[in-house]
*Asks:* 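Before I ask anything, here is the structure I am working with.
As the structure is a computational prediction, the values presented were derived from the model and not from experiment.
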Amino acid sequence: MLCQHCKKNTATVNYVEIINGDRFESHLCEMCYAVLCGELNSKSNNDAWADLFGVNTTAQKVCSVCGTKFSDYERTGLLGCASCYDMFKEELMPVIQRIQGKVDHVGKATNNHDDFGLHRRLKTLQEQLEQAIKERRYAEANRLNKQIKEITKTLYGGGSND
């Protein structure tokens with residue numbers, strides 16, 4: 001469709017206005033729209049349209065280090081560099097929260113004081129104990145056995161006095 005104003009360029013902007021129940025439509029090219037209705041690429045105009053239609057303007061953010069756009073992350077799920085995390089922090093936090101359940105990094109093993117960490121440590125010590133007994137390293141086996149008892153006592157409470 002050609003622009004209704006200049007009748008030369010392809011119409012890229014469809015402008016509809018309803019006044020007192022009467023509908024007025026204009027199909028304009030970008031240049032005619034800019035002249036007649038204001039600058040098409042103005043920041044305030046784009047924000048107003050974005051708010052009106054729910055378009056995400058954060059997709060225009062660009063990392064100053066690697067040039068990755070937030071829209072690239074949304075499309076691929078990959079960031080370009082470590083600086084992207086700082087640049088897109090505001091947008092990434094809800095995504096990280098939704099995926100991982102929390103936004104604070106605690107590492108793989110945390111500090112081994114939670115139940116899961118203690119169970120992992122217990123299993124590791126039991127494997128080391130078996131290996132020490134097979135290799136007849138009884139002093140080390142005794143030390144490992146004491147550590148196993150302490151962890152078992154912590155996990156299951158009380159414990160026996162063997």
*Asks:* Measure across Leu129 and Ala141 and return the closest heavy-atom pair with its distance rounded to 0.1 Å.
*Replies:* CD1-O, 3.2 Å
*Asks:* Would you give the length of the straight line joining atom CD of Glu127 to atom NZ of Lys123, rounded to the nearest 0.5 angstrom?
*Replies:* 5.5 Å
*Asks:* Name all residues meeting the side-chain hydrogen bond (donor to acceptor under 3.5 Å, both in side chains) criterion together with Arg75; count only those two or more places apart in sequence or in a different chain, and write none if there are none.
*Replies:*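 Arg75 satisfies side-chain hydrogen bond (donor to acceptor under 3.5 Å, both in side chains) with Asp72 once adjacent residues are dropped.
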*Asks:* Considering residues at least two apart in sequence or located in another chain, which fulfil the side chain to side chain contact (heavy atoms under 4.5 Å, CB included) criterion with Asn9?
*Replies:*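 Side chain to side chain contact (heavy atoms under 4.5 Å, CB included) list for Asn9, sorted by chain: Cys6, Cys29, Met31.
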*Asks:* Could you pull out all residues at least two apart from Arg23 that satisfy salt bridge (Lys or Arg N to Asp or Glu O under 4.0 Å)?
*Replies:*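 Testing Arg23 for salt bridge (Lys or Arg N to Asp or Glu O under 4.0 Å), a comparison that skips the adjacent residues, returns Glu25.
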*Asks:* What residues form a salt bridge (Lys or Arg N to Asp or Glu O under 4.0 Å) with Arg137, not counting sequence neighbours?
*Replies:* Glu135, Glu140
*Asks:* Can you find a heavy atom in the side chain of Asn14 that is under 4.5 Å from one in the side chain of Leu28?
*Replies:*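 No; the side chains remain at least 4.5 Å from each other.
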*Asks:* Suppose we screen for side chain to side chain contact (heavy atoms under 4.5 Å, CB included). Which residues come up paired with Gln4, at least two apart in sequence or across chains?
*Replies:*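 By the side chain to side chain contact (heavy atoms under 4.5 Å, CB included) rule, Gln4 matches Ser26, His27.
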*Asks:* Is it true that Glu74 and Lys69 make a salt bridge, defined as a side-chain N closer than 4.0 Å to a carboxylate O?
*Replies:* no
*Asks:* Name the one of Val62, Thr68, Val65 that satisfies side-chain contact (heavy atoms from CB on, under 4.5 Å) with Cys84?
*Replies:* Thr68
*Asks:* Going by side chain to side chain contact (heavy atoms under 4.5 Å, CB included), name the residues that satisfy it together with Gln126, two or more places apart in sequence or in a different chain.
*Replies:* Leu122, Ile148
*Asks:* May I ask you to decide if the ring planes of Phe70 and Phe88 are parallel, tilted or perpendicular, using 30° and 60° as cut-offs?
*Replies:*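 Phe70 vs Phe88 ring planes: tilted.
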